[in-house]
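As a basis for the values below, the full set of heavy atoms in this structure was taken, side chains included, without hydrogen atoms, waters or symmetry mates.
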Amino acid sequence: MKKILVLHTGGTISMHEDQDGDVETGLNNPLIDVKMAIPNVDLTVESIFNLPSEHIGPEHMLQLQRRILAAENEFDGVVITHGTDTLEETSFFLDSTLSVDFPIVMTGAMRSSNELGSDGLYNYHSALRVASHENSRNRGVLVVMNDEIHAARFVTKTHTTNVATFGSPISGTMGLLTKRQIIFFYDLPKRLVLPVAHVQKSIPVLKAYAGMDGQLLELLATANIDGMVIEALGAGNLSKEAATGVHYLLSRNIPVVIVSRSFNGVAEPVYDYLGGGVQLERDGVIFATSINGQKARLKLLIGLDNQLNNHDLHDYLHQL
Ligand SMILES: NC(=O)C[C@H](N)C(=O)O
């Protein structure tokens, strides 16, 4: 018998449509009363929050992380239901800070509980199947939706409303659920897991654009921020003016992390001119490999909480 801990946090999977067709959160999470029968699986169900995922932040992620750590010796796996808007961030935070070998599987839904074609119960069932499967161990945090398994490290929400919203543009889908099987296509490269104690850091994320000036960056340098992430152009480049703004931030010892605003691919220094990635890196900018802005923000937060020196912070964010 496998013992699985289920932590419900809210999100569309637990919401319902009202008479006007608007989607809202109820007083209690209806998933608590759902009897999900999986052979040889014993469920312990807790409603840790009942929040839309836009109301979930690093403090909630830390609370979830601590609950999972406390469950380590008691359970064989954990399933978390969560709103999809920030699911990739919670899954990434847990993946980056937890080194447990049991499966941690997150899921959600795109259609609420009383909508036609609601995908919530199906995804919940799928997540339980994956969490109780022997091959799911030692794979970090997994995201299961729409018959697919994704690694927290690479998954992102790709569509505003489609039930097939989650994708892993860089790595591809990690696995599949069929009626009878759970199939994994690849193992992940090893990553460094770091503990985290405090999550109150001010780390804004800015998106670069053609004609971006340095004014906002210079303003931010005086706003007591701990670091900043820029979703840069292409492989990791900025306008000349933005590069000057970045230089100003770096001269005040504010770490600046670069990712790409492109949906797919790895950010790395390629171009050697003002604003090009090579010169940005020479100036002290950190390139985060293979993650998007919202994940780079969490990674910088964790690195800073561990008081990594400049060299180690570079290495940490470079890692896949
Ligand atoms: N599909 C969803 O779950 C979206 C919802 N707004 C949430 O993230 O809570």
Q) Hey, mind stepping through I183 and T178 against side-chain contact (heavy atoms from CB on, under 4.5 Å) and telling me if it holds? A) CA-CA 8 Å; I183 304 165; T178 67; 4.2 Å; yes

Q | Full working for salt bridge (Lys or Arg N to Asp or Glu O under 4.0 Å) between E89 and R297 | A | CA-CA 9 Å; E89 279 151 279; R297 178 185 184 279; over 6 Å; no

Q. Does Y316 have K299 sitting over its ring (NZ/CZ under 6.0 Å from centre, angle to axis within 45°)?
A.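 Flagged: K299 positioned over aromatic ring of Y316.
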
In Å and rounded to the nearest 0.5 Å, what is the [atom1] to [atom2] distance from [X] to [Y]?
| X | Y | atom1 | atom2 | answer |
| --- | --- | --- | --- | --- |
| L206 | M228 | CG | CE | 3.5 Å |
| F102 | K3 | CZ | NZ | 12.0 Å |
| T86 | F92 | OG1 | CZ | 14.5 Å |
| L142 | E148 | CG | CD | 13.0 Å |
| F166 | M145 | CZ | CE | 5.5 Å |
| I56 | E59 | CD1 | CD | 12.5 Å |

(Q) Considering only residues two or more places apart or on different chains, which pairs with a residue in residues 10-22 satisfy side chain to side chain donor-acceptor pair (under 3.5 Å)? (A)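 The answer is H16-E24.
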
Does a donor on one side chain sit under 3.5 Å from an acceptor on the other, for [X] and [Y]?
| X | Y | result |
| --- | --- | --- |
| N292 | E231 | no |
| D147 | Y122 | yes |
| E241 | Q215 | no |
| Y186 | S171 | yes |
| K157 | T84 | yes |
| S53 | H82 | no |
| S47 | H8 | no |

If you look at every heavy atom in [X] and [Y], which pair is closest and at what distance?
| X | Y | answer |
| --- | --- | --- |
| L5 | A71 | CD2-CB, 3.7 Å |
| P58 | L301 | CG-CD1, 4.4 Å |
| T156 | P169 | CG2-CD, 3.8 Å |
| N224 | S202 | O-CB, 4.3 Å |
| A267 | I258 | CB-O, 4.5 Å |
| A197 | L62 | O-CD2, 3.6 Å |

Close side-chain approach of [X] to [Y], heavy-atom, < 4.5 Å:
| X | Y | answer |
| --- | --- | --- |
| D305 | Q307 | no |
| V278 | Y271 | no |
| M61 | V196 | no |
| L188 | R153 | yes |
| I182 | I149 | yes |
| Y248 | L217 | no |
| I38 | I4 | no |
| Y124 | V79 | yes |

Does [X], at its [atom1] atom, have more than 12 non-hydrogen atoms belonging to other residues, nucleotides or ligands within less than 6.0 Å?
| X | atom1 | result |
| --- | --- | --- |
| H159 | NE2 | yes |
| E72 | CD | yes |
| F184 | CZ | yes |

Hey, does the side chain of [X] reach the backbone of [Y] with a donor-acceptor pair shorter than 3.5 angstrom?
| X | Y | result |
| --- | --- | --- |
| K2 | A131 | no |
| S132 | V41 | no |
| S260 | G234 | yes |
| H133 | N135 | yes |
| N29 | L31 | yes |
| R261 | A232 | no |
| D95 | G140 | no |
| H314 | H311 | no |
| T158 | T165 | yes |
| S136 | V130 | yes |

[X]-[Y] co-clustered via ILVMFWY side chain contacts under 4.5 Å:
| X | Y | value |
| --- | --- | --- |
| M212 | L274 | no |
| L320 | V259 | no |
| L43 | V78 | no |
| V193 | V100 | no |

Q. Checking side-chain contact (heavy atoms from CB on, under 4.5 Å) against I80, which of V6, I68, I48 comes through?
A.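 That would be I68; it is the only one of V6, I68, I48 passing the side-chain contact (heavy atoms from CB on, under 4.5 Å) with I80.
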
(Q) Against V256, only a single residue in D283, L249, L280 fulfils side-chain contact (heavy atoms from CB on, under 4.5 Å); can you say which? (A)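 It is L249; the other options fail the test.
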
Q: Could I get the full list of salt bridge (Lys or Arg N to Asp or Glu O under 4.0 Å) partners for D119, not counting sequence neighbours?
A: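 So D119 forms no salt bridge (Lys or Arg N to Asp or Glu O under 4.0 Å) with any residue.
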
Q: Kindly indicate, with the supporting measurements, whether the criterion side-chain contact (heavy atoms from CB on, under 4.5 Å) is fulfilled by T90 and L94.
A: CA-CA 6 Å; T90 300; L94 296 176; 4.1 Å; yes

Q: Kindly indicate, with the supporting measurements, whether the criterion salt bridge (Lys or Arg N to Asp or Glu O under 4.0 Å) is fulfilled by D101 and R137.
A: CA-CA 6 Å; D101 52 13; R137 295 174 62 83; 3.4 Å; yes

(Q) For H318 and F287: C-alpha separation, side-chain torsions, deciding distance, then whether ring pair (Phe, Tyr, Trp, His ring centres under 6.0 Å) applies. (A) CA-CA 6 Å; H318 271 307; F287 274 76; 7.4 Å; no

Q. Is there a side-chain contact (heavy atoms from CB on, under 4.5 Å) between E115 and V23 once you walk through the steps?
A. CA-CA 9 Å; E115 281 178 65; V23 180; 3.7 Å; yes

